[in-house]
Protein chains: 2
Amino acid sequence: MAAGVDVETIRYYEKAGLLPSPARRANGYRDYGGKHLERLAFIRHCRALDLPLAKISRLLELLSQPAAACDDVDRLVESQLERVRIRIRSLRALEKQLSALRSRCAGPQTAAACGILHELVTAAHRESVAHAGEDRAAAAPVTRGGRRKVQA
Amino acid sequence: MAAGVDVETIRYYEKAGLLPSPARRANGYRDYGGKHLERLAFIRHCRALDLPLAKISRLLELLSQPAAACDDVDRLVESQLERVRIRIRSLRALEKQLSALRSRCAGPQTAAACGILHELVTAAHRESVAHAGEDRAAAAPVTRGGRRKVQA
DNA sequence: GTTGACATTGAAGCGGCTACAGGGTTCCAA
DNA sequence: TTGGAACCCTGTAGCCGCTTCAATGTCAAC
């Protein structure tokens, strides 16, 4: 029975402690049983939901302790959902910018006349000026322990 | 003038060949000039558009060759836009799944009774069965050179 | 002179695989 | 029977775009 998962990925999970090491055949080949495959399917399903391996690990732990409380399962799903929504919002903003950018293209040009390149440069410039203003404003109240930035 | 970019990130760009090494002061400190800052701002703006460094590198190259043709600038933006749209679609599907999953939560439970965990396990199982069917179907015509999957 | 916040370098770590080198095994066909 | 393809093994390094760390140097303020 094929599991539909790349071998290297499985071995990676094994090394990472998400899958127990399977029994070996006489020749040293791994021998996966039903339990392994179910566990693997569970992992892949969770990965398809973009859960990080660390959280999946936690879920697997809970699965093996039926009496444990499951409050953080809900929290985990909730926070994952929130992450996904945030990512969608930022990608939508990105999409807007990129399609605006695309509309700057006026057909084959030289680099010097390229509307897209031109827009990228001026947008970058605008932003860097805005940043400088921000920093000047933020510098006044306290010298808080933010990460260091660069001087020119 | 602060550039709003983490120092380590800048050095990373320098090592990666995206930024030229700046002049040094007597004590060895880096001395950034206007050109550097502009170039840095350009890079950060492109990164904000989620362009990979390799593509940004290509754009910078074009910027320094005003006479070059800029056809691939358009293609680059286009393909980036396509990537973003695909990602949005898949994240929306994800959002759906996650919010369906969340609705399975019936308040504090033990792990054994947790609706979410339960759903995860059965969904994973369904999928693994579907996969097995797929593979059986795909195995018939030709043994094409796909990546190897696991046996149980 | 001592503290504290900056700067420098190089190397390692993150996540989640993916690829590759250098071998062994199994199976099928010529 | 031999040869080649297609699988398996182990171990290590690479990918991206940073981030973090350790060990050291420099500089301004108190």
Side-chain angles (χ1 to χ4, degrees), chain A residues 1-19 21-32 36 40 42-58 60 80 83 87 90 94 135 139 142-152, chain B residues 1-19 21-32 36 40 42-60 80 83 87 90 94 135 138-139 142-152:
Chain A
M1 198 216 302
V5 182
D6 193 298
V7 181
E8 323 278 1
T9 301
I10 294 176
R11 289 212 282 262
Y12 174 79
Y13 291 159
E14 196 181 321
K15 231 188 304 185
L18 282 141
L19 281 175
S21 355
R24 298 304 182 113
R25 293 209 270 257
N27 53 16
Y29 286 19
R30 284 176 180 76
D31 209 354
Y32 296 98
H36 282 94
L40 178 56
F42 182 84
I43 295 173
R44 293 308 295 173
H45 181 66
C46 292
R47 283 296 299 133
L49 295 176
D50 216 16
L51 291 172
L53 293 184
K55 308 240 171 178
I56 298 175
S57 187
R58 175 84 186 109
L60 285 168
Q80 181 65 9
R83 278 184 15 162
R87 188 89 184 105
S90 93
L94 207 48
D135 283 5
V142 199
T143 307
R144 304 131 316 137
R147 287 197 54 63
R148 49 262 150 78
K149 306 297 160 78
V150 160
Q151 300 283 117
Chain B
M1 194 217 305
V5 182
D6 192 298
V7 181
E8 323 282 358
T9 302
I10 294 175
R11 287 212 284 262
Y12 174 79
Y13 292 159
E14 195 180 323
K15 229 188 305 187
L18 283 146
L19 281 175
S21 354
R24 298 303 183 113
R25 293 210 268 257
N27 54 17
Y29 287 18
R30 286 177 178 75
D31 209 353
Y32 297 98
H36 283 93
L40 178 56
F42 182 84
I43 295 173
R44 293 308 295 175
H45 181 66
C46 292
R47 284 294 300 132
L49 295 175
D50 215 17
L51 291 171
L53 293 182
K55 308 241 171 177
I56 298 175
S57 186
R58 175 87 186 105
L59 291 178
L60 285 168
Q80 181 65 10
R83 276 186 15 165
R87 188 86 184 109
S90 91
L94 207 49
D135 283 5
V142 198
T143 306
R144 301 132 318 137
R147 289 203 46 67
R148 49 262 153 76
K149 306 297 160 75
V150 160
Q151 301 282 116

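Every chain is numbered from 1, with letters handed out A, B, ... down the list of sequences.
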* Taking only Lys NZ, Arg NE, NH1 and NH2, and the carboxylate oxygens of Asp or Glu, determine whether B:Arg87 and A:Asp50 approach each other closer than 4.0 Å. =>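 Salt bridge: yes.
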
* Determine, for A:Glu8 against A:Arg11, whether the closest basic-nitrogen to carboxylate-oxygen distance falls under 4.0 angstrom. =>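 Looking at A:Arg11 together with A:Glu8, the answer is yes, because their closest N to O distance falls below 4.0 Å.
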
* To do: With the side chain of B:Arg30 defined as its heavy atoms from C-beta on, choose the nearest nucleotide among D:dC8, D:dT10, C:dT9.
  =>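 Out of D:dC8, D:dT10, C:dT9, the nucleotide with an atom closest to B:Arg30's side chain is C:dT9.
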
Between [atom2] of [N] and [atom1] of [X], the distance in whole Å:
| X | N | atom1 | atom2 | answer |
| --- | --- | --- | --- | --- |
| A:Ile10 | C:dG16 | CD1 | C1' | 14 Å |
| B:Leu53 | D:dC16 | CG | P | 9 Å |
| B:Tyr29 | D:dT26 | OH | C1' | 4 Å |
| B:Tyr13 | D:dC18 | OH | P | 4 Å |
| A:Asp31 | D:dC9 | CG | C1' | 15 Å |
| B:Lys15 | D:dC18 | NZ | C1' | 11 Å |
| A:Tyr32 | D:dC9 | OH | C1' | 11 Å |
| B:Arg11 | C:dA11 | CZ | C1' | 13 Å |

Any side-chain N or O of [X] under 4.0 Å from OP1/OP2 of [N]?
| X | N | value |
| --- | --- | --- |
| A:Arg47 | C:dC17 | yes |
| B:Arg24 | D:dT26 | no |
| A:Arg44 | C:dC17 | yes |

Could you state the interatomic distance from [atom1] ([X]) to [atom2] ([Y]), rounded to the nearest 0.5 Å?
| X | Y | atom1 | atom2 | value |
| --- | --- | --- | --- | --- |
| B:Gln80 | B:Lys55 | CD | NZ | 7.5 Å |
| B:Cys46 | B:Arg58 | SG | CZ | 13.5 Å |
| A:Ile10 | A:Leu18 | CD1 | CG | 12.5 Å |
| A:Leu19 | A:Tyr12 | CG | OH | 12.0 Å |
| B:Tyr13 | B:Arg47 | OH | CZ | 6.0 Å |

* Closest nucleotide of DNA chain C for A:Thr9 versus for A:Asn27: which of these residues is on the 5' side? ->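 Nearest-nucleotide comparison on DNA chain C picks A:Thr9.
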
* **Contact nearer the 5' end of DNA chain D, comparing B:Ala26 with B:Leu51** =>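 Per heavy-atom nearest nucleotide, the more 5' residue is B:Leu51.
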
* **the helix from C:dG1-D:dC30 to C:dA30-D:dT1: angle between end helix axes, five pairs per end, rounded to 10 degrees** =>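 Angle reported: 20°, given to the nearest ten degrees.
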
